[in-house]
Amino acid sequence: QVQLVESGGGFAQAGGSLRLTCAASGDLSRINAMGWFRQPPGKERELVSGITNGGATYSVDAVKGRFITSRDNAKKTIYLQMNSLKVEDTGIYYCAAGHTLKAKVVAGEMDNMDVWGKGTLVTVSS
């Protein structure tokens, strides 16, 4: 059974930075893609970024040039480096993992993730 634990959320001022970490544990043999999702206050959960086991990534337009997704396979960990934060980046950030085609990950099609973390709250103030 795969478990995901997010950390690194907190408060930041607009223009600041935060780094989120997602540590995976368990049998990852069927996992070939992981991603970051977020749920802004009063809104539905949305994809932020995805990354394959090989390191191919996707980011939504709203965070391109500001957020960087990376992974350390040895540590079974992915990261979300968030720079130039905006108030609209506020939300609960979730890590997710699953098995899907690389083409879907790089196209931002990650609706079928199987495992989810509990989330970490990011609050950006103006």
Side-chain angles (χ1 to χ4, degrees):
Q1 186 175 355
V2 177
Q3 292 187 326
L4 304 174
V5 178
E6 305 95 336
S7 62
F11 293 90
Q13 288 193 326
S17 298
L18 286 173
R19 188 195 197 203
L20 304 185
T21 297
C22 173
S25 60
D27 183 2
L28 303 180
S29 60
R30 283 191 49 81
I31 302 297
N32 70 347
M34 296 181 70
W36 289 101
F37 293 73
R38 68 184 178 188
Q39 186 167 17
K43 296 183 179 180
E44 294 189 353
R45 191 163 57 190
E46 61 188 16
L47 176 66
V48 175
S49 68
I51 186 166
T52 67
N53 280 358
T57 60
Y58 167 85
S59 295
V60 296
D61 288 345
V63 306
K64 281 182 179 176
R66 300 189 298 122
F67 290 11
I68 301 170
T69 301
S70 62
R71 68 184 299 141
D72 184 331
N73 287 337
K75 295 183 178 180
K76 301 180 182 180
T77 299
I78 67 169
Y79 306 94
L80 184 65
Q81 178 66 44
M82 306 187 294
N83 302 318
S84 302
L85 283 163
K86 302 178 180 180
V87 173
E88 51 264 43
D89 294 321
T90 294
I92 301 174
Y93 282 70
Y94 298 90
C95 177
H99 186 88
T100 189
L101 296 174
K102 174 185 174 181
K104 287 186 175 291
V105 175
V106 298
E109 299 172 9
M110 299 186 67
D111 295 337
N112 62 336
M113 295 295 99
D114 301 312
V115 186
W116 294 82
K118 294 183 178 180
T120 185
L121 178 63
V122 171
T123 304
V124 183
S125 62
S126 59

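Note that this is a predicted model, so its numbers are computed, not measured.
- Counting heavy atoms of neighbouring residues, nucleotides and ligands inside a 6.0 Å radius, atom CD of Gln3 does not exceed 12 of them.
- Under the 4.5 Å side-chain heavy-atom criterion for grouping Ile, Leu, Val, Met, Phe, Trp and Tyr, Met110 is connected to Leu28 within one hydrophobic cluster.
- Counting only heavy atoms from C-beta outward, the side chains of Ile51 and Val105 never approach each other to under 4.5 Å.
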Between side-chain atoms of residues 115-126 and protein atoms elsewhere (two or more places apart, or another chain), which donor-acceptor pairs fall under 3.5 Å?
from	atom 1	to	atom 2	distance (Å)
Trp116	NE1	Met113	O	3.4
Thr120	OG1	Gly9	N	3.2

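- Minimum interatomic distance between Gly91 and Pro41 (heavy atoms only, all atoms of both residues): CA-CD, 4.3 Å.
- Counting heavy-atom neighbours within 6.0 Å of Gln13 CD, excluding the residue itself, gives a total of 12 or less.
- The CG atom of Leu20 lies 9.5 Å from the SG atom of Cys95; values are rounded to the nearest 0.5 Å.
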Quiz prompt | Step-by-step side chain to side chain contact (heavy atoms under 4.5 Å, CB included) determination, Arg45 to Ile92 | solution = CA-CA 9 Å; Arg45 191 163 57 190; Ile92 301 174; over 6 Å; no
Distance-only donor-acceptor pairs under 3.5 Å for side chains of residues 56-74, two or more places apart:
from	atom 1	to	atom 2	distance (Å)
Asp61	OD1	Lys64	NZ	3.2
Arg66	NH1	Ser84	O	2.9
Arg66	NH1	Asp89	OD2	2.7
Arg66	NH2	Ala62	O	2.8
Arg66	NH2	Asp89	OD1	3.0
Arg66	NH2	Asp89	OD2	3.4
Thr69	OG1	Ser49	OG	2.6
Arg71	NE	Asn73	OD1	2.5
Arg71	NH1	Thr52	O	3.0
Arg71	NH2	Asn53	OD1	3.3
Arg71	NH2	Asn73	OD1	3.3
Asp72	OD1	Ala74	N	3.1
Asp72	OD1	Lys75	N	3.2
Asn73	ND2	Asn53	O	3.3

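- The OG1 atom of Thr90 sits 13.0 Å away from the CD atom of Gln39 when rounded to the nearest 0.5 Å.
- Side-chain atoms of Asp27 do not come within 3.5 Å of backbone N or O of Val2 as any donor-acceptor pair.
- Here the NZ-NE2 distance, from Lys104 to His99, works out to 12.0 Å after rounding to the nearest 0.5 Å.
- Each of Glu44, Glu46, Glu88 was evaluated against Arg38; a single residue qualifies, Glu46, per the salt bridge (charged side-chain N to carboxylate O under 4.0 Å, His left out) test.
- Residues Trp36 and Tyr79 do not share a hydrophobic cluster, clusters being chains of Ile/Leu/Val/Met/Phe/Trp/Tyr side chains in contact below 4.5 Å.
- Distance check: Tyr94 OH to Leu47 CG gives 14.5 Å after rounding to the nearest 0.5 Å.
- Across all their heavy atoms, Thr100 and Ala33 have their closest contact at CG2-CB, 3.9 Å.
- Heavy atoms only, all atoms of each residue included: Gln81 and Ser17 are closest at NE2-CB, 4.0 Å.
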